[in-house]
Amino acid sequence: MLGNFTCGKGKESTMEELIELHSNESKKAFKEPNSFTRMDMISREIKKIDYFSFLLSKEKLITPVHEINPIFSPLIIVAPFHNPDIRHIKSANQNGEDEIFKTFLRSLDIEQTQNYIGNSLTHGEDAVKLTGQLAKSKNEYLDNVSLLHASFDFSPILRLPSQGKSIYRNLSFFRTEALGAISQPKNRKNIKKTISRFGHDLAKRTISEKVKQSLITKNRQIVALTDLPIEWLDIDGIPLSFTHDVCRIPETSLHGLLASFTTNEQLEYSVPTDILEKTLVIYGSDEPAFKVWQNPVNALSRTHGFTTQVCLSVDDMVQAIEKFKPDLLIFDCHGGYDANTNSSYLLLGDEQLTGEKIVERNIHAPLIFLSACNTAPTYGTINTIANAFFQTQCLSVTTTYLPINISTGSILYLRLLNNLKMASTEAIHQNWLEFVSYVIRTSAVSDAYTFLSKTDNKHIDSPKAALSQAKSFNQLMSFYNRRRVFKELDQTLRKLSGTEEQVLSKIIPEYLFYSNLGRSDLIKFDVYVDKYDQLNDNTKLKTKKFTL
């Protein structure tokens, strides 16, 4: 499945011809370090692997539940990043290994050009040798772990050039010590431009035009192995997470990448039809701003069957989890970070729920949703509260990069609970990643129409606006409509409000503040699997004759 073959039309290449082709293109890459020659080679191999999925669809060997379902297996994207927080590590031996440790820290300056050519500021023969060995070892590890993750669905793999110091500046706007400033209304208005600038820079440095076009045209989910907010990657002016379902496995610490594989290999979980009866919402605050939204959540719980509990201490929360044993656990509370330990936490009343307490008290559920601020920041913390849940064998954690507004955050998880009633009983979404991504993606539209309804504009036709919003929700179910919906949304809002001013520029894009951690693409809905099995008879694969 490495792609070292030809398929479809054309003459089959010999191994010697393939080796010569790769050798010639590698030489070209060294001569042109800032071109994407090597990535385009990888893109060509991905296209070959995708041909098998295309063939299954073309020959009608598989009947999809819906025509809009992806026909391609998830793409594994590895985006190596030299996390600046590693510099906080102190040398274990101050007497004999200072120079080696300093050299190690300098090795973090190593980056790769667009053609995967190392670019380091390190000086000295020994230093260059050490940093080269470190870079090689890390990339080999990432390649091997990505191959394991690819084995679940025979996924193609794309490793992007390693990034580090050059993008620290753009990413530093989201550092933990700046999160308080980001929360201020005057600064939150600029967050969209800052995210867009980062996404554009990341795309320019890491993906070729061929890869970009492949992402635009191929309906598939994305599994990213990275610390970077890959959801912000700019694909011709549109963030990756608006067009694609993206789940992410943090690169730091490295063992977590392998642990995620082994957990998903050993544990099988699918979303049952009675998932709402196995859902627990933890209220971690009794502040008025939170309590305003707890009333509608409680009202929904009476019709949908999920449970809510006020837990203003860790002990209260542990007792609630032991009593109800939820499959889906939602935390509605404050989130924060501890600069001394470089870790984030949840706040239950006045008590911090840290990663250590999660492991110590064995707090777990297959599915976790954190409706709290900056639970997995992009810069300035290593031990995130989100990562801690995976140590207790959770499978999927929806977390946040940045501070979220209490109102918009509450509306989002309210919509998730409301939509889950239908998603768990009708074959709509194939997996948990698709479902959560859809809810988060449509929140961009929901927030825009909510903002519009609060303006003092007499031209707004409320019934027409509601119909327009529902139409956008339906269209966003299909991958092939999402780019158009994104591009036309501002124009639609202008028509409804009767103004020529841009509307979207005034709205904080909180849908970009969320990240889905873990292999949520592997968590299927029971109702969807049953429908798929009804439509597909495996004997077709045994009797159908076809040629590559």
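These figures come from a predicted structure and were not determined experimentally.
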Open item on the list: Show, in sequence, the C-alpha distance, side-chain angles and deciding distance for Tyr528 and Val65, and conclude whether the side chain to side chain contact (heavy atoms under 4.5 Å, CB included) test is met.
Closed with: CA-CA 8 Å; Tyr528 188 94; Val65 175; 3.6 Å; yes
Task: Steps toward side chain to side chain donor-acceptor pair (under 3.5 Å) verdict (Glu231, Ser515) - done: CA-CA 7 Å; Glu231 297 89 346; Ser515 184; 2.7 Å; yes
TODO: Verify side chain to side chain donor-acceptor pair (under 3.5 Å) between Thr375 and Thr400, making sure each step is shown before the conclusion.
DONE: CA-CA 5 Å; Thr375 47; Thr400 53; 3.0 Å; yes
TODO: Take Thr442 and Arg415 through the test side chain to side chain donor-acceptor pair (under 3.5 Å) and record every step on the way to the result.
DONE: CA-CA 10 Å; Thr442 51; Arg415 290 183 56 245; 2.6 Å; yes
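Listed here is the closest heavy atom pair of Glu434 and Ile428: OE2-O, 3.7 Å. Considering all non-hydrogen atoms of both residues, Pro229 and Phe198 come closest at CG-CE2, 3.5 Å. Nearest heavy atom pair, residue Ala289 against residue Ile406, reads O-CG2, 3.5 Å. In this structure, Phe389 and Ile363 approach most closely via the heavy-atom pair CD2-O, 4.0 Å.
Under the 3.5 Å distance criterion, with hydrogens and angles disregarded, no donor-acceptor pair is assigned to the side chains of Gln352 and Asp338.
Applying the salt bridge (charged side-chain N to carboxylate O under 4.0 Å, His left out) test to pairs two or more places apart or on separate chains, those with a residue in residues 265-288 are Asp274-Lys278.
For Lys218, the NZ atom is densely surrounded, since the number of other residues' heavy atoms within 6.0 Å is greater than 12. Within a 6.0 Å sphere centred on CG of Asp533, heavy atoms belonging to other residues, nucleotides or ligands number more than 12.
Here Asp526 pairs with nothing under the salt bridge (charged side-chain N to carboxylate O under 4.0 Å, His left out) rule; sequence neighbours left out. Asp245 is linked by a salt bridge (charged side-chain N to carboxylate O under 4.0 Å, His left out) to Arg441, counting only residues two or more places apart in sequence or in another chain. Every ring pair (Phe, Tyr, Trp, His ring centres under 6.0 Å) that His334 has, sequence neighbours left out, goes to Phe290. Tyr532 is linked by a ring pair (Phe, Tyr, Trp, His ring centres under 6.0 Å) to nothing, counting only residues two or more places apart in sequence or in another chain. Residues that satisfy the salt bridge (charged side-chain N to carboxylate O under 4.0 Å, His left out) test with Arg159, not counting sequence neighbours, are Asp143.
Remark: Lys138 engages Glu251 in a salt bridge, criterion side-chain N to carboxylate O under 4.0 Å.
Paired with Val271 under the rule side chain to side chain contact (heavy atoms under 4.5 Å, CB included), one option of Ile523, Asn431, Leu328 passes, and it is Ile523.
Aromatic rings from Phe174 and Trp232 are positioned such that their centres are separated by under 6.0 Å.
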